[in-house]
Novice: 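Sharing a structure, written as C-alpha cells. Questions coming.
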Number of protein chains: 2
Amino acid sequence: MSAQLDLDEERTLSDKASSRLTQAIVTGELAQGQKLSEADLATRFGISRGPLREAIRQLEGMRLVTRVPHAGARVVMLDKPMLADLYRVREALEGMACRMAAQAMSQEEIDTLFVLLNRHEEAINAADGLAYFQSEGDFDFHFHIALGSRNQMLIDLLVGELYQLLRMCRYRTSHLAKRTRPALQQHRQIAEAIAERDGDLAELLMRRHISGAWKSISQIMETNP
Amino acid sequence: MSAQLDLDEERTLSDKASSRLTQAIVTGELAQGQKLSEADLATRFGISRGPLREAIRQLEGMRLVTRVPHAGARVVMLDKPMLADLYRVREALEGMACRMAAQAMSQEEIDTLFVLLNRHEEAINAADGLAYFQSEGDFDFHFHIALGSRNQMLIDLLVGELYQLLRMCRYRTSHLAKRTRPALQQHRQIAEAIAERDGDLAELLMRRHISGAWKSISQIMETNP
DNA sequence: TTGCTCCGGATTGTTGACAATCAGTGCAGC
DNA sequence: GCTGCACTGATTGTCAACAATCCGGAGCAA
C-alpha cells in the first residue's frame, strides 16, 4: 500500500537495486546481520557491481546497512539499544510532525485521517488475528501525519529512514504486539487534537503514544529473545 | 576543531572524496546550486569516476547534494523554506538530545560544558568582531550536548547531517548574526538545567533557544537577499 | 598445545572503456 | 516566422578486468 511504485523502468539500475535491497531487508529476506556479498547480489539482480555498490552506499545513508571498508556491508542489527535510540528519535520527530500537522493540515486531510481511523477499527473488529494489516493501518496513520507537517526534511527523515527501520522491526515482532486497541484510542485523541488545531496537545499526545509503544515493546523484548 | 581527522590515508578513495566534497560544499568553495561534474571533480581529485560517484551518493544521503538521474548532482540550495524545515527538525532533535543529556551526561562532561561557556565568553569579550570563532564556539556547545545524549542515532543525525547544513548556512550569513550575547546567556541556562538534571527544562530551553535563533535569522533574511 | 608467520583464496576497491541518455543547435518544411 | 526533427556534443550510467586488501588455515617452532 505505502510501497513506492517500482515500475520495471523506474530509473537507473542503482535505484532499482536500492529498492530491491530495501525491500529484501525490510521483509527479512535478508536477515539482520547478514553479510551482503557484492558479487552474489550483483548476479542475483543481473547487474554489475558498480551500480550495486552505489545502492549499498545509499542504503548505508538510510541506516539499513553498516559498511566497514575492505570488509563489506552487513544488514543492520536492530538490537535493543538501537531500537531504544530509534524510538527516542522517532518520539522527537513525530512529535514535531504532529505539532506542525495540527497547524498545516487541510480540513480535507484531517477528514481523511478520521476515515483511516474508522477503517482501521473495522479491520481490528473483523480479523482480530491479522496483526500485519493492523500494523499497516498504524503506519498509514503516522504516514499521513508526517505528510501533513509540510516539512519536506521531516518527511524524508521519517518516511525515508525511520519507517523503514520500524517496518523491519515489525517483521520480527509483529506477532507479539497486542496493543492495537489502546493504540487506536490514542490515535483518535491525536486526530482530535489536530482537528482542533491544538499543536501543543497533538505533540504531547504523539510523544506519549510513541513513548508508550516503546515501553510496551521493550517489556516484551525482556521475556522474548 | 570539530573537523574529523582526515589523515591522508583515511581509508578508501570514496571516503576521501566524500570528506573533500563535504568540506568544499560547507565552506562554499562549491557554491549552492552549482552543478557537480563527475569528470571535472574526478580529475581535480585525481581519482576515477567510480569512487566519486559513490561519494556523491553518500553526500546525497547527507542532504548536501540533490541528484536527478541522467542530469547529474547539484549542491543543495539552502533557500528560506528549506532552512525553515531544517530549524524545525533541529529544534525537535536537539531538544530531545538535551533532555537525554540531562540524564546521561557524566559530571565531568557537565564541567567541560561550563569550561566551554567560559572560553566562549572570553572569545566574545576579546575579539568582538570575529563572528567566525563565535560560531565555532556555538557549535562546540551544541556538539557536546549531542554527544552527551548517548543516543548514537541522534548523534549521527545531528553531527553527520544537520550540523553540516548549518555550517554551510553560516558561511553565508555569519557576518550578519549579532546574537552572540543573548545566545551565550541561553547556553548558560541550558547548561544549568542539565547540571540540575532537569530534562524537562533543558529540552524546553533548548527548543526555545533554537526557535529564537530561527526567528532572528528569518528576520535578517527578510531584509538581506 | 600454543603462538607465530606465511601463503592462498576470496572479497572489496579502482580503473578505463563502452553504451545510453539528455540538452542545445541548425536545418528543412509548412 | 514558426514548428518539428535529426544531429551533435557532452554528460551520465554501466560494465568487465585489474589491483589492493583482508581472512583463514597450513606449517613450524617454542
Side-chain angles (χ1 to χ4, degrees), chain A residues 4-22 24-25 29-77, chain B residues 4-22 24-25 29-77:
Chain A
Q4 59 267 38
L5 52 141
D6 45 354
L7 244 14
D8 248 16
E9 292 307 329
E10 76 181 302
R11 237 111 58 183
T12 112
L13 291 188
S14 302
D15 295 334
K16 280 196 261 187
S18 180
S19 297
R20 285 190 63 176
L21 269 180
T22 302
I25 290 176
E29 182 184 329
L30 291 172
Q32 292 188 21
Q34 180 173 340
K35 187 164 185 312
L36 298 185
S37 160
E38 294 182 2
D40 179 27
L41 288 172
T43 57
R44 254 169 66 186
F45 290 175
I47 63 177
S48 173
R49 275 180 50 218
L52 189 89
R53 283 175 63 87
E54 291 184 24
I56 288 181
R57 271 304 224 281
Q58 197 164 325
L59 281 256
E60 188 189 10
M62 296 194 227
R63 296 171 172 73
L64 284 177
V65 309
T66 58
R67 205 182 49 82
V68 30
H70 298 288
R74 314 190 83 91
V75 179
V76 72
M77 285 289 295
Chain B
Q4 60 267 39
L5 53 141
D6 44 356
L7 245 13
D8 247 17
E9 293 307 330
E10 76 182 302
R11 232 99 65 177
T12 106
L13 292 187
S14 301
D15 294 335
K16 280 195 262 189
S18 181
S19 297
R20 285 189 63 175
L21 269 180
T22 301
I25 291 176
E29 183 185 330
L30 290 172
Q32 293 186 20
Q34 181 172 340
K35 188 165 184 312
L36 298 184
S37 160
E38 294 181 2
D40 178 28
L41 288 172
T43 57
R44 253 169 67 187
F45 291 175
I47 62 176
S48 173
R49 276 180 50 221
L52 189 90
R53 284 174 62 87
E54 292 183 23
I56 288 180
R57 271 304 226 279
Q58 197 165 324
L59 282 256
E60 188 190 9
M62 296 194 226
R63 296 169 172 75
L64 285 177
V65 308
T66 57
R67 206 182 48 83
V68 31
H70 299 287
R74 312 189 85 91
V75 179
V76 73
M77 285 289 294

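Scope of the values below: all heavy atoms of this structure, side chains included, with no hydrogens, waters or symmetry mates. Each chain gets a letter, A, B and so on, in the order its sequence line appears, and its residues count up from 1.
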Novice: Drop me the distance from B:L30's CG to B:L59's CG, to the nearest 0.5 angstrom.
Specialist: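 Those atoms lie 9.5 Å apart.
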Novice: Could you check which residues of residues 53-70 of chain B get a heavy atom under 4.0 Å from DNA chain C? Sort them by number, please.
Specialist: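 Output list: B:H70.
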Novice: Among all residues two or more places apart in sequence or in another chain, which pass the side-chain hydrogen bond (donor to acceptor under 3.5 Å, both in side chains) test with B:S14?
Specialist: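 Partners of B:S14 by the side-chain hydrogen bond (donor to acceptor under 3.5 Å, both in side chains) criterion, ordered by chain and then number, come out as B:E54.
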Novice: Taking any heavy-atom pair under 4.0 Å as a contact, classify A:L52: base, sugar-phosphate, or nothing.
Specialist: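 Nothing: the residue A:L52, judged by heavy atoms under 4.0 Å, touches no strand.
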Novice: For A:L13, give me all partners under side chain to side chain contact (heavy atoms under 4.5 Å, CB included), at least two apart in sequence or on another chain.
Specialist: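 Expected list: A:K16, A:I47, A:P51.
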Novice: Does B:K35 place a side-chain N or O at less than 4.0 Å from the phosphate oxygens OP1/OP2 of D:dT12?
Specialist: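 Answer yes for this pair, as a side-chain N or O of B:K35 is under 4.0 Å from OP1 or OP2.
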Novice: Can you name the side-chain hydrogen bond (donor to acceptor under 3.5 Å, both in side chains) partners of A:R67, sequence neighbours left out?
Specialist: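 In terms of side-chain hydrogen bond (donor to acceptor under 3.5 Å, both in side chains), with neighbours along the sequence ignored, A:R67 is linked to A:E60.
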Novice: If you compare all heavy atoms of A:P69 against all heavy atoms of B:D15, which two are closest, and at what distance to 0.1 Å?
Specialist: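 Result for this residue pair: CG-OD2, 4.1 Å.
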Novice: To the closest 0.5 Å, what do you measure between CG (A:L21) and CG (A:L36)?
Specialist: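 That separation rounds to 6.5 Å.
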Novice: What residues, two or more places apart in sequence or in another chain, satisfy salt bridge (Lys or Arg N to Asp or Glu O under 4.0 Å) together with A:R49?
Specialist: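 A:R49: salt bridge (Lys or Arg N to Asp or Glu O under 4.0 Å) contacts with A:E38.
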Novice: Not counting sequence neighbours, which residues clear side chain to side chain contact (heavy atoms under 4.5 Å, CB included) with B:E29? List them please.
Specialist: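 Result, side chain to side chain contact (heavy atoms under 4.5 Å, CB included) vs B:E29: B:A24, B:T27, B:R44.
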Novice: May I ask you to evaluate whether A:T12 reaches the phosphate of D:dT12, defined as a side-chain N or O under 4.0 Å from OP1 or OP2?
Specialist: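 Result: no.
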Novice: Measuring from atom OG of B:S18 to atom CZ of B:R11, what distance do you get when rounded to the nearest 0.5 angstrom?
Specialist: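 It is 12.0 Å, given to the nearest 0.5 Å.
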Novice: Search all heavy atoms of B:A55 against all heavy atoms of B:A17 and return the closest pair with its distance.
Specialist: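 In this case the closest contact between B:A55 and B:A17 is CB-CB, 3.9 Å.
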Novice: Go through the structure and list residues passing side chain to side chain contact (heavy atoms under 4.5 Å, CB included) with A:S37, not counting sequence neighbours.
Specialist: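 By the side chain to side chain contact (heavy atoms under 4.5 Å, CB included) rule, A:S37 matches A:A39, A:D40.
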Novice: Please identify each residue that fulfils side-chain hydrogen bond (donor to acceptor under 3.5 Å, both in side chains) with B:R74, with sequence neighbours left out.
Specialist: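 Result, side-chain hydrogen bond (donor to acceptor under 3.5 Å, both in side chains) vs B:R74: none returned.
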Novice: Applying side-chain hydrogen bond (donor to acceptor under 3.5 Å, both in side chains), name anything that partners B:Q58, two or more places apart in sequence or on another chain.
Specialist: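 For B:Q58 the side-chain hydrogen bond (donor to acceptor under 3.5 Å, both in side chains) partners, ignoring immediate neighbours, are A:R57.
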Novice: Show each protein N/O and nucleotides 15-18 of chain D N/O combination with a separation under 3.5 Å, one pair to a line.
Specialist:
unit_1	atom_1	unit_2	atom_2	d
D:dC15	OP2	A:S48	N	2.9

Novice: Which nucleotide span of DNA chain C, 5' end to 3' end, has atoms closer than 4.0 Å to non-hydrogen atoms of chain A?
Specialist: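 Counting from the 5' end, contacts occupy C:dT11 to C:dT14.
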Novice: At how many degrees, to 10°, do the end axes of the helix from C:dT1-D:dA30 to C:dC30-D:dG1 meet when each uses five pairs?
Specialist: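 Axis-to-axis angle, ends of the helix: 10°.
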